[in-house]
Amino acid sequence: MAKKATTSSTSSAIIDLTGEEMLSTSGASPLLGITSQWLRQLSANGYIPVAIKGKYPLVAVVQGYVRSLKDEERRSSKAAADSGLKAARQREVELRIGKEEGRIVEIDDVERRHCGKIVCDSGK
């Protein structure tokens, strides 16, 4: 069990954990700010150990929850990077098709073709 809490001069409690503290679902869920269903899902996904007699080890629950958040952040970052790359490739293909279909032309081609007209028109 947890050792007796001591207080410092700033009145904050310090608790030494032994690693044997156990929490029920109704204790672990609000501690992490998640639902009991999500707690069970974290256990099913291997982030936290399976409950024994309805109790979870406190330290393992917190560490597993943090690990799940880090994994989710990595997945989100990778998905965002993949999405950006996919969008860039799509834009490249659209431009190439537009050019092949004649909907997009190089600005140098436009300037060469109309340069004489611009000079002539402005010289009048």
Side-chain angles (χ1 to χ4, degrees):
M1 291 284 140
K3 294 181 183 176
K4 185 175 180 178
T6 59
T7 56
S8 66
S9 60
T10 59
S11 299
S12 61
I14 299 172
I15 300 173
D16 295 323
L17 300 176
T18 64
E20 298 175 14
E21 295 78 17
M22 301 294 279
L23 287 174
S24 65
T25 301
S26 61
S29 299
L31 174 70
L32 300 175
I34 60 175
T35 64
S36 57
Q37 176 66 30
W38 186 243
L39 183 69
R40 286 189 293 276
Q41 187 64 48
L42 289 173
S43 180
N45 292 344
Y47 286 106
I48 60 175
V50 177
I52 300 170
K53 296 182 182 179
K55 302 274 186 176
Y56 295 94
L58 171 64
V59 173
V61 166
V62 173
Q63 289 174 343
Y65 182 63
V66 170
R67 195 170 49 255
S68 76
L69 293 176
K70 287 181 179 180
D71 285 353
E72 180 61 31
E73 184 178 344
R74 279 188 215 107
R75 282 191 298 273
S76 295
S77 296
K78 186 178 182 321
D82 290 347
S83 177
L85 180 59
K86 184 178 178 182
R89 285 182 180 156
Q90 181 178 352
R91 177 72 176 136
E92 179 184 16
V93 169
E94 289 170 352
L95 290 172
R96 191 171 42 241
I97 291 170
K99 187 174 182 180
E100 289 170 2
E101 292 177 346
R103 292 182 287 124
I104 299 173
V105 294
E106 296 287 336
I107 191 69
D108 292 340
D109 294 341
V110 173
E111 288 175 347
R112 275 194 300 274
R113 186 158 186 204
H114 293 287
C115 184
K117 284 187 173 183
I118 295 170
V119 170
C120 292
D121 290 344
S122 63
K124 286 186 179 177

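Nothing here was measured: the structure is a model prediction, and the numbers come from that model. Only heavy atoms go into these numbers, but all of them, side chains included; no hydrogens, no water, no symmetry mates.
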Trainee: Taking a hydrophobic cluster as the set of Ile, Leu, Val, Met, Phe, Trp and Tyr residues connected by side-chain heavy atoms closer than 4.5 Å, whether directly or through intermediates, do L95 and I97 fall within one such cluster?
Mentor: no
Trainee: List the residues meeting side-chain contact (heavy atoms from CB on, under 4.5 Å) with P30, not counting sequence neighbours, and say none if there are none.
Mentor: none
Trainee: Rounded to the nearest 0.5 Å, how far apart are CG of L69 and OH of Y47?
Mentor: 9.5 Å
Trainee: Report, as yes or no, whether the 6.0 Å neighbourhood of atom CD on E72 holds more than 12 heavy atoms from other residues, nucleotides or ligands.
Mentor: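 Yes.
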Trainee: Looking at CG of L31 and CG of L58, how far apart are the two atoms once the value is rounded to the nearest 0.5 Å?
Mentor: 6.5 Å
Trainee: Taking side-chain contact (heavy atoms from CB on, under 4.5 Å) as the test, write out the residues that go with R89, two or more places apart.
Mentor: L85
Trainee: List in chain and number order the residues that pass side-chain contact (heavy atoms from CB on, under 4.5 Å) with A51, two or more places apart in sequence or in another chain; answer none if no residue qualifies.
Mentor: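 Partners of A51 by the side-chain contact (heavy atoms from CB on, under 4.5 Å) criterion, ordered by chain and then number, come out as Y56.
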Trainee: Identify the two heavy atoms, one from I48 and one from G64, that lie closest to each other, and give their separation to 0.1 Å.
Mentor: CG2-CA, 3.8 Å
Trainee: Who passes side-chain hydrogen bond (donor to acceptor under 3.5 Å, both in side chains) against R91, sequence neighbours left out?
Mentor: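 By the side-chain hydrogen bond (donor to acceptor under 3.5 Å, both in side chains) rule, R91 matches no residue at all.
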Trainee: Are the side chains of M22 and P57 in contact, using a 4.5 Å heavy-atom criterion?
Mentor: yes
Trainee: Could you name each residue pair satisfying side-chain hydrogen bond (donor to acceptor under 3.5 Å, both in side chains) that touches residues 61-70, not counting sequence neighbours?
Mentor: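 Found none.
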Trainee: Any side-chain hydrogen bond (donor to acceptor under 3.5 Å, both in side chains) involving residues 23-33? Give me the pairs, sequence neighbours left out, ordered by first then second residue.
Mentor: S24-S26
